[in-house]
A.B. asks: 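Got a structure for you, written out below as structure tokens; questions coming shortly.
We use all heavy atoms of the structure for the numbers below, so side chains are in, but hydrogens, waters and symmetry mates are not. Not measured: the values here are computed from a predicted model.
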Amino acid sequence: PGVKALKDLGIVRPLKGFSLTKREIRALSERLGLKTHSKPSNACLATRIAYGERVTREKLEKIEKAERFIRSLGFTQVRVRLQGGSIRIELSPDELPMIFRSEVFERVKDYLNGLSFDYVSIDMNGYKSGNMNKAIKR
């Protein structure tokens, strides 16, 4: 859906025309001294909202705040997926155990409770690109 939306809106993806892979783009970025060369990929926040649900500024801001807070605790790969008023947290599989440390868990719980989500879950399989599509079609 995201690629179709980009086409429909006439959004240009300049690097796509060069047939560069993510690995090649990262290598070129590092060679050019760009500090973003090792930054984890991060798709548009709208991809965190279940297919068919209305995308609103309020939803996007809550997702962004939740992800930013979790990253501030040292997590590098974070996705907060929204479906209705509930969220599912996806973390890099190697960082997943960190969220269960009591001090980290309590801070995340308290912060997310302040954002007023109806229900919060943690994906025990960890982050994998494309997880949202699997969850939506259940």
Side-chain angles (χ1 to χ4, degrees):
V3 173
K4 181 182 180 324
L6 290 174
K7 286 180 183 176
D8 292 348
L9 294 170
I11 294 174
V12 179
R13 300 175 357 178
L15 295 177
K16 185 74 175 162
F18 291 103
S19 300
L20 293 171
T21 65
K22 285 183 184 181
R23 178 175 284 157
E24 291 167 331
I25 292 169
R26 288 183 185 283
L28 289 170
S29 296
E30 185 175 22
R31 196 174 320 150
L32 291 170
L34 301 177
K35 62 183 178 181
T36 55
H37 75 275
S38 61
K39 183 179 177 184
S41 62
N42 203 8
C44 171
L45 287 175
T47 65
R48 316 299 203 277
I49 298 174
Y51 186 77
E53 281 193 37
R54 183 173 172 83
V55 176
T56 67
R57 178 181 299 273
E58 179 186 13
K59 289 177 184 178
L60 295 174
E61 287 173 351
K62 284 174 70 170
I63 292 166
E64 182 178 32
K65 286 177 183 177
E67 288 188 2
R68 187 181 315 124
F69 179 77
I70 295 168
R71 277 193 194 90
S72 78
L73 299 176
F75 295 91
T76 57
Q77 190 69 54
V78 178
R79 292 291 188 276
V80 171
R81 309 284 187 185
L82 179 70
Q83 189 166 16
S86 300
I87 60 167
R88 183 179 74 247
I89 301 170
E90 297 175 3
L91 303 167
S92 173
D94 60 319
E95 293 177 340
L96 194 55
M98 275 176 32
I99 200 152
F100 296 108
R101 292 184 190 150
S102 62
E103 68 280 0
V104 174
F105 187 86
E106 289 300 317
R107 288 183 69 192
V108 171
K109 181 183 71 155
D110 290 345
Y111 187 83
L112 296 178
N113 282 341
L115 293 178
S116 302
F117 292 110
D118 296 336
Y119 181 77
V120 176
S121 65
I122 299 169
D123 188 324
M124 300 298 285
N125 293 315
Y127 169 78
K128 289 186 185 125
S129 182
N131 271 358
M132 188 60 167
N133 291 335
K134 292 174 191 167
I136 301 310
K137 295 182 180 179
R138 286 186 188 154

A.B. asks: Which heavy atom of G84 sits nearest to which heavy atom of E53, and what is that distance?
C.D. replies: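 Looking at all heavy atoms of both residues, the closest pair is N-OE2, 2.6 Å.
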
A.B. asks: Once side chain to side chain donor-acceptor pair (under 3.5 Å) is applied, do any residues pair with S92, and if so which ones, sequence neighbours excluded?
C.D. replies: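 Side chain to side chain donor-acceptor pair (under 3.5 Å) list for S92, sorted by chain: D94.
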
A.B. asks: Take atom NZ of K59 as the centre, draw a 6.0 Å sphere, and report whether it contains more than 12 heavy atoms from other residues, nucleotides or ligands.
C.D. replies: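 Atom NZ in K59 is packed in, count exceeds 12.
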
A.B. asks: In Å, rounded to the nearest 0.5 Å, how long is the span from CG of D123 to CZ of R81?
C.D. replies: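 CZ of R81 is found 9.0 Å from CG of D123.
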
A.B. asks: Would you say M124 ends up clustered with F75 if hydrophobic residues are merged whenever their side chains have heavy atoms under 4.5 Å apart, either directly or through other cluster members?
C.D. replies: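 Result: yes, single cluster for both.
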
A.B. asks: Indicate every side-chain donor-acceptor pair of residues 98-108 with a distance under 3.5 Å to a residue at least two apart or in another chain.
C.D. replies:
| from | atom 1 | to | atom 2 | distance (Å) |
| --- | --- | --- | --- | --- |
| E106 | OE1 | K109 | NZ | 3.1 |

A.B. asks: Compare every heavy atom of P93 with every heavy atom of G126, then report the nearest pair and how far apart it is.
C.D. replies: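 It is CA-CG, 4.3 Å.
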
A.B. asks: What pairs of donor and acceptor atoms, side-chain ones from residues 29-37 against any protein atom, are under 3.5 angstrom apart with sequence neighbours left out?
C.D. replies:
| from | atom 1 | to | atom 2 | distance (Å) |
| --- | --- | --- | --- | --- |
| S29 | OG | I25 | O | 2.8 |
| H37 | ND1 | L34 | O | 3.0 |

A.B. asks: Assess whether side chain to side chain contact (heavy atoms under 4.5 Å, CB included) is satisfied between I70 and L91, documenting all intermediate values.
C.D. replies: CA-CA 9 Å; I70 295 168; L91 303 167; 4.0 Å; yes

A.B. asks: What closest approach, in Å, do Y127 and E90 show between heavy atoms, and which atom pair accounts for it?
C.D. replies: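 Between these two residues, the closest heavy atoms are CD1-OE1, 3.4 Å.
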
A.B. asks: Any side-chain heavy atom of E67 within less than 4.5 Å of one from V78?
C.D. replies: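 When only atoms from C-beta onward are counted, V78 and E67 do touch, with a gap below 4.5 Å.
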
A.B. asks: Quick one: does I49's side chain get under 4.5 Å of L60's, heavy atoms only?
C.D. replies: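 Side chain of I49 against side chain of L60, heavy atoms only: contact under 4.5 Å found.
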
A.B. asks: Quick one: pull up CG in L73 and CZ in R68 and give me the separation to the nearest 0.5 Å.
C.D. replies: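 Result: 13.0 Å between the selected atoms.
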
A.B. asks: Would you check, one step at a time, whether the test side chain to side chain contact (heavy atoms under 4.5 Å, CB included) holds for L115 with I87?
C.D. replies: CA-CA 11 Å; L115 293 178; I87 60 167; over 6 Å; no

A.B. asks: Looking at every heavy atom in both L112 and A66, which two are closest together, and how far apart are they?
C.D. replies: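 For L112 and A66, the tightest heavy-atom pair comes out as CD2-CB, 3.5 Å.
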
A.B. asks: Looking only at non-hydrogen atoms, find the nearest pair between V80 and R48 and report the distance.
C.D. replies: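 Smallest interatomic distance, heavy atoms only, reads O-CB, 3.1 Å.
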
A.B. asks: Taking all non-hydrogen atoms of both residues, which atom of E64 and which atom of L45 are closest, and how far apart?
C.D. replies: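 Minimum heavy-atom separation between E64 and L45: CB-CD1, 3.6 Å.
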
